[in-house]
Amino acid sequence: MKITAFLFMASILILLAGLYAWRLMDHRSDRQETAKLLATRGEDPPQFTPSMVADLPGPARRYFLFAIAADARLNTVAEVYMRGQFAMGNKDAPNYIPMTAEQVLAAPEGFVWKMSAGSGAMRVSGSDSASWTRFWLAGVIPVARSGGTADHTLSGFGRYMSEAIFWSPASVLPSENVVWEGVDENTARVTMTHNDNRQSVDVTVDADGRPVKFVLQRWSNANAEKQFRFQPFGGYLSEFQTFSGFQIPTHVEVGNLFGTDEYFPFFIANVSDVRFDR
């Protein structure tokens, strides 16, 4: 009997040790990917001038003139720190839990979003990136792991490309891989290509150029059928503050199936700081 109990306890300890080692490997890859993205920061980025956007459609031009101060250094990599709420349920019962998170956003190269939500035994923590999604319950039980597929990469590209518009404006200035076109008087469409991925996002601005709403057709399986397909995704932006010459929305509400009866914001964030400098 004692031998059986000993073997049982030994098995539990081995299992816990294995899970702990697995978690440490996740942390290590988080750090490695974050360091790689931060290393893409330019040593001496150019300064913004209005002439860079003079030929853009009206709403796109208003957006840049609002979002980027004259002579601001065009840093394209942002470190975003936030608090807010994350929904664990659905529209009828969102089951919001408090969360804190930090993100390195380096479009078009990628992103790493590290989050901790809830508390105690029900604390969910982990990270999301263009390569993986992996979250743990109480730091020891894996509850969500995916990635390493073309579906995941394209879905992640839609996420961080759209976030770059409002949290990293310099990264979406017109270039060989970033094209702007007008949709209507207050809406512009930006299309970014990177490697084999292509994503368009419609941005609605107010009279002063504030981006107040964004919507895209994102490749996602966040639907009742759990099947990957293009479907509306978007949100609302407000409470702008200035960080290193960039006017950034510090309140963001985002959800799947945007513009339909099924939409609800599963992600509500209040930004406390955005850092651009090396």
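Looking at Tyr63, its side chain never comes within 3.5 Å of a backbone N or O of Pro211 through a donor-acceptor pair. The closest donor-acceptor contact from the side chain of Gln47 to the backbone of Asp71 lies under 3.5 Å. Distance alone, capped at 3.5 Å, places no donor-acceptor pair between the Gln103 side chain and the Met82 backbone. Without hydrogens or angle criteria, His152 side chain to Ser129 main chain gives a donor-acceptor distance under 3.5 Å. Put simply, the side chain of Glu163 never gets that close to the backbone of Phe111: no donor and acceptor are under 3.5 Å apart. In this structure, the side chain of Gln247 engages the main chain of Phe66 through a donor-acceptor pair within 3.5 Å. Formation of a donor-acceptor pair under 3.5 Å by the Arg61 side chain with backbone atoms of Leu56 is found in this model. Panel note: side chain Asp206, backbone Arg210; a donor-acceptor pair is recorded below 3.5 Å. Panel note: side chain Lys91, backbone Asp261; a donor-acceptor pair is recorded below 3.5 Å. A donor-acceptor contact shorter than 3.5 Å links the side chain of Ser168 to the backbone of Thr76.
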Exercise. Please report the C-alpha distance between Asp128 and Arg159 in whole Å, then the side-chain angles of each, then the deciding distance to 0.1 Å, and finally whether the salt bridge (Lys or Arg N to Asp or Glu O under 4.0 Å) criterion is met.
Key: CA-CA 11 Å; Asp128 197 12; Arg159 170 186 167 163; 2.9 Å; yes

Quiz item: Would Ser131 and Thr153 count as a side chain to side chain contact (heavy atoms under 4.5 Å, CB included) if you check the C-alpha gap in whole Å, the side-chain angles of each, and the deciding distance to 0.1 Å?
Solution: CA-CA 6 Å; Ser131 300; Thr153 299; over 6 Å; no

Practice problem: Quick one: do Arg62 and Asn186 satisfy side-chain hydrogen bond (donor to acceptor under 3.5 Å, both in side chains)? Show the steps, please. | Solution: CA-CA 9 Å; Arg62 297 206 313 271; Asn186 295 312; 2.9 Å; yes

Quiz item: Hey, mind stepping through Phe233 and Gln217 against side chain to side chain contact (heavy atoms under 4.5 Å, CB included) and telling me if it holds?
Solution: CA-CA 6 Å; Phe233 179 88; Gln217 291 294 318; over 6 Å; no

Practice problem: Show your reasoning for whether side-chain hydrogen bond (donor to acceptor under 3.5 Å, both in side chains) applies to Ser155 and Arg218. | Solution: CA-CA 6 Å; Ser155 181; Arg218 183 184 178 192; 3.3 Å; yes

Exercise. Report the C-alpha distance between Leu38 and Val104 in whole Å, list the side-chain angles of each, state the deciding distance to 0.1 Å, and finish with yes or no for side chain to side chain contact (heavy atoms under 4.5 Å, CB included).
Key: CA-CA 7 Å; Leu38 290 175; Val104 172; 4.0 Å; yes

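Aromatic pair Tyr236/Phe258: ring centres closer than 6.0 Å. A centroid separation of 6.0 Å or more is found between the aromatic rings of Phe276 and Phe243.
Using a cut-off of 4.0 Å between Lys/Arg side-chain N and Asp/Glu carboxylate O, Asp26 and Arg145 are scored as salt-bridged. Taking the charged nitrogens against the carboxylate oxygens, Asp277 and Arg41 have no contact shorter than 4.0 Å, which rules out a salt bridge. Asp44 has a carboxylate O that lies under 4.0 Å from a charged side-chain N of Arg73, or vice versa, which qualifies the two as a salt bridge.
Summarising the local packing, NZ of Lys213 is surrounded by 12 or fewer heavy atoms from other residues, nucleotides or ligands at distances under 6.0 Å. Within a 6.0 Å sphere centred on CD of Glu225, heavy atoms belonging to other residues, nucleotides or ligands number more than 12. Residue Arg123 places its CZ atom among more than 12 non-hydrogen atoms of other residues, nucleotides or ligands, all under 6.0 Å distant.
Pro45 and Asn75 make their closest contact through CG-OD1, 3.2 Å (heavy atoms, listed as atom of the first residue, atom of the second, distance). Smallest separation of non-hydrogen atoms from Ala107 and Ala164: CB-CB, 3.7 Å.
Of the options Asp30, Thr133, Thr34, a side-chain hydrogen bond (donor to acceptor under 3.5 Å, both in side chains) to Ser127 is made by Asp30 and by none of the others.
Taking the six-membered ring for Trp and thresholds of 30 and 60 degrees, Phe228 and Trp219 have nearly parallel ring planes, at less than 30 degrees apart. Using cut-offs of 30° and 60° on the angle between ring planes, the pair Phe214 and Phe166 is tilted. Between Phe64 and Trp180, the ring planes are perpendicular. Angles over 60° get that label, and only those under 30° would be called parallel.
Arg31 CZ to Lys36 NZ: the interatomic distance, rounded to the nearest 0.5 Å, is 16.0 Å. With rounding to the nearest 0.5 Å, the separation of CG in Leu216 from CD1 in Ile165 is 8.0 Å. With rounding to the nearest 0.5 angstrom, the CG atom of Asn223 is 3.5 Å from the CZ atom of Arg229.
Linking Ile, Leu, Val, Met, Phe, Trp and Tyr residues whenever their side-chain heavy atoms come within less than 4.5 Å places Val254 and Trp167 in a single cluster. Residues Val178 and Val215 do not share a hydrophobic cluster, defined by chaining ILVMFWY side chains whose heavy atoms lie under 4.5 Å apart. Met52 and Met192 end up in the same hydrophobic cluster when Ile, Leu, Val, Met, Phe, Trp and Tyr side chains are linked at under 4.5 Å.
With hydrogens and angles left out, the side-chain atoms of Thr191 and Ser200 include a donor and acceptor closer than 3.5 Å.
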